[in-house]
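Okay, so here's the structure we're looking at.
Note that the structure is predicted; figures quoted are calculated from it, not measured. In what follows, chains are A, B, ... by sequence order, proteins preceding strands, each numbered from 1.
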Amino acid sequence: MEGENPPIQDIQPWKAIDTVYTNEKAGMDSVDKDLIKRVIYEASKDSNFFKKDEEKRKQTNERIARLKEKLAKVTEDEMKRYHATVRDSIRSAERERHLSRIWIHVDMDAFFASVEELDDPSLKSVPMAVGSIGMISTANYIARRFGVRSAMPGFIGKQLCPQLALVKPNFRRYKEKSEETKEVFRIFDPDFESGGLDEAYLDCTAFASVHGISGEEIAEQIRNLVMEKTKLTCSCGVACNKMLAKICSDKNKPNGQFFLSPNIAAIKAFVKDLPVRKIPGVGCVTEQLLNGFGINTCGDVIKNAHVIAAVFTPLTLSFLLTSSLGISTAFHGKKPAPGELSRKGISCEHTFTAKEDENTLLQMVGSLAHELSAAMASESIEGLTVTVKLKLSDFTVRTRSLTLLSPISDPESISRIASKMLRKEFPVKLRLLGIRMSGLSPIANANGKPKGNSKGS
DNA sequence: ATACATACC
DNA sequence: GACTGGTATGTAT
């Protein structure tokens with residue numbers, strides 16, 4: 001032991017940094033991670049973004065300290081009851097375990113970047129990312145070897161990899177290619193659930209039994225057909241529920257698949273050493289909180305579930321327990337009832353170089369209101385609640401909302417309400433303005449029928 | 001109902 | 001110098 005030396009982070013601060021984009025991702029195995037962290041640290045250490053990020057991390061650590069105090073005050077009797085709660089939760093979760101369905105999660109590989117490579121093959125041989133100097137949405141696998149990845153600003157990508165080609169996103173094109181993949185997905189599950197432009201969940205149980213083939217064989221077929229149709233590769237996860245399928249699709253990325261055998265022993269072995277961060281729904285913050293209690297893997301969650309029961313909400317306990325047992329319930333939710341809108345809100349927001357001139361900001365709210373109104377018109381919806389979102393130049397976010405007596409969708413009304421709320425915040429220096437409408441309902445058109453977007457019959 | 005936080009792509 | 005945009009949902013009051 002070398003007790004007298006200061007912790008290594010004090011001399012090499014970049015070792016301690018762990019922003020969203022320094023986390024691991026497929027394609028980064030052969031990278032000098034230390035160098036990457038150092039470059040990222042040097043590039044962002046003086047920025048407002050970095051300061052805000054550090055502040056949040058500190059607050060989470062304070063929250064951990066408070067929760068630990070709370071834990072220390074729990075009596076033996078109370079802890080016994082938490083143990084009992086956990087036993088009950090596990091028992092009822094196990095009753096929800098279903099092994100008989102075949103779910104496949106399909107995830108397109110580096111989707112935006114791959115589409116750009118398809119349209120311009122010269123990009124295949126160079127490090128490239130789709131995005132701007134401000135933000136990268138996807139990097140190709142060559143760029144990932146330099147540590148460039150999604151959710152990283154382009155200027156940092158450039159510092160990691162000066163030859164990095166930055167390509168402007170073309171969402172229309174991605175949508176087109178996404179539609180092509182959907183034609184393939186429909187063959188296997190006409191009711192498949194889309195998870196954005198580049199991924200989908202398919203319940204292939206019926207297809208498997210009708211055609212007498214296995215989930216693995218279906219995944220092969222999906223990958224072949226997607227390639228045939230789109231000339232793009234994807235990866236598949238095959239498992240007995242959506243959550244596990246999603247985790248599996250990441251295992252053999254890119255252009256691969258992973259099958260998790262639908263039996264309890266295999267599932268338990270699979271989740272035992274799985275880091276909690278792999279659970280869809282556990283992000284950086286929850287990971288930090290759990291790690292603060294020495295909980296790093298799903299196995300740890302089960303072992304320390306009584307601690308979780310003592311410091312988190314029952315909902316969080318049940319979510320973490322069911323996830324860590326490899327039983328997804330939260331995931332298999334609730335399609336909207338017939339006639340109900342699938343969408344709960346609609347919004348638009350823009351980031352710009354920080355501004356404080358009140359007239360300029362009010363004018364921007366006006367143009368946002370027009371944009372939002374147009375988007376609402378194209379779906380024939382109106383809304384009851386207006387929310388304005390402000391991001392200050394120091395990255396602090398504020399929201400202000402107002403619920404009306406009757407729904408609106410016209411640009412003038414939205415603008416009027418949003419401006420009123422913005423005015424109350426003056427003086428402010430903003431880097432982002434946004435407006436959101438919620439409490440949505442369909443507008444009857446001239447024929448008296450709601451148009452288009454209500455899901456179901 | 002409102003505000004803020006977290007997560008996902 | 002420069003760190004997104006859109007949607008859903010959980011937590012707290």
Under a plain distance cut-off of 3.5 Å, with no hydrogens placed, do Thr385(A) and Thr403(A) share a side-chain donor-acceptor pair? yes

Heavy atoms under 4.0 Å, any strand shown: does Thr313(A) hit a base, just sugar-phosphate, or nothing? sugar-phosphate

Treating primed atoms plus P, OP1 and OP2 as sugar-phosphate and everything else as base, which nucleotides of nucleotides 4-9 of chain B get B, S or - for protein heavy atoms under 4.0 Å? B-SSSS

Which residues within residues 403-418 of chain A lie with some heavy atom under 4.0 Å of an atom in DNA chain B? Thr403(A)

Rounding to a whole Å, what distance do you find between Met437(A):CE and dT7(C):P? 13 Å

Return yes if a side-chain donor-acceptor contact under 3.5 Å exists between Asn252(A) and Ser235(A), otherwise no. no

Can you check whether Thr351(A) has a side-chain N or O nearer than 4.0 Å to OP1 or OP2 of dC3(C)? no

Of all residues at least two apart in sequence or in a different chain, which pass the side-chain hydrogen bond (donor to acceptor under 3.5 Å, both in side chains) check with Ser249(A)? His105(A)

Set of residues satisfying side-chain contact (heavy atoms from CB on, under 4.5 Å) with respect to Lys251(A), sequence neighbours excluded: Phe258(A), Phe270(A)

Under the side-chain contact (heavy atoms from CB on, under 4.5 Å) rule, collect the residues that match up with Ser415(A), sequence neighbours excluded. Ala369(A), Ser419(A)

Hey, is the side chain of Arg431(A) poking within less than 4.0 Å of OP1 or OP2 on dT4(C), counting only N and O atoms? yes

Spacing between Met376(A) atom CE and dT7(C) atom C1', to the nearest angstrom: 14 Å

Using whole Å, report how far CD of Glu379(A) lies from C1' of dG6(C). 12 Å

Within the 4.0 Å heavy-atom criterion, would you say Thr316(A) contacts the bases, only the backbone, or no part of the nucleic acid? sugar-phosphate

Distance-only donor-acceptor pairs under 3.5 Å for side chains of residues 60-67 of chain A, two or more places apart:
residue, atom, partner, partner atom, Å
Thr60(A), OG1, Lys56(A), O, 3.0
Asn61(A), OD1, Gln288(A), NE2, 3.2

Given atom CG of Asp53(A) and atom P of dA2(C), what is their separation to the nearest angstrom? 16 Å

Against the side chain of Glu349(A), the closest entry in dC3(C), dG5(C), dT11(C) is dG5(C)

Listed by chain and number, what are the side-chain contact (heavy atoms from CB on, under 4.5 Å) partners of Gln159(A), not counting sequence neighbours? Val39(A), Ala43(A), Phe155(A)

Atom C1', compared across dT4(C) and dA7(B): separation rounded to whole Å: 15 Å

What is the separation between atom CZ on Phe49(A) and atom P on dT4(C), rounded to the nearest whole Å? 7 Å

Counting just side-chain N and O atoms, does Ser347(A) come under 4.0 Å of either OP1 or OP2 of dG6(C)? no

Identify whether any heavy atom of Ile346(A) sits under 4.0 Å from a base atom; if not, whether one sits that close to sugar-phosphate; answer base, sugar-phosphate or nothing. sugar-phosphate

How close or far is atom C1' of dC3(C) from atom CZ of Phe50(A), stated in whole angstroms? 12 Å

Residues in side-chain hydrogen bond (donor to acceptor under 3.5 Å, both in side chains) contact with Lys229(A), at least two apart in sequence or another chain: Glu183(A)

Phosphate OP1/OP2 of dA8(C) contacted by Ser438(A) side-chain N/O (<4.0 Å): no

Can you check the Phe155(A) CZ to dT4(C) C1' distance for me, whole Å? 13 Å

Can you measure Asn48(A) atom CG to dA2(C) atom P for me and round it to whole angstrom units? 8 Å

Only counting residues at least two apart or in another chain, list the ones meeting side-chain hydrogen bond (donor to acceptor under 3.5 Å, both in side chains) with Asp189(A). none

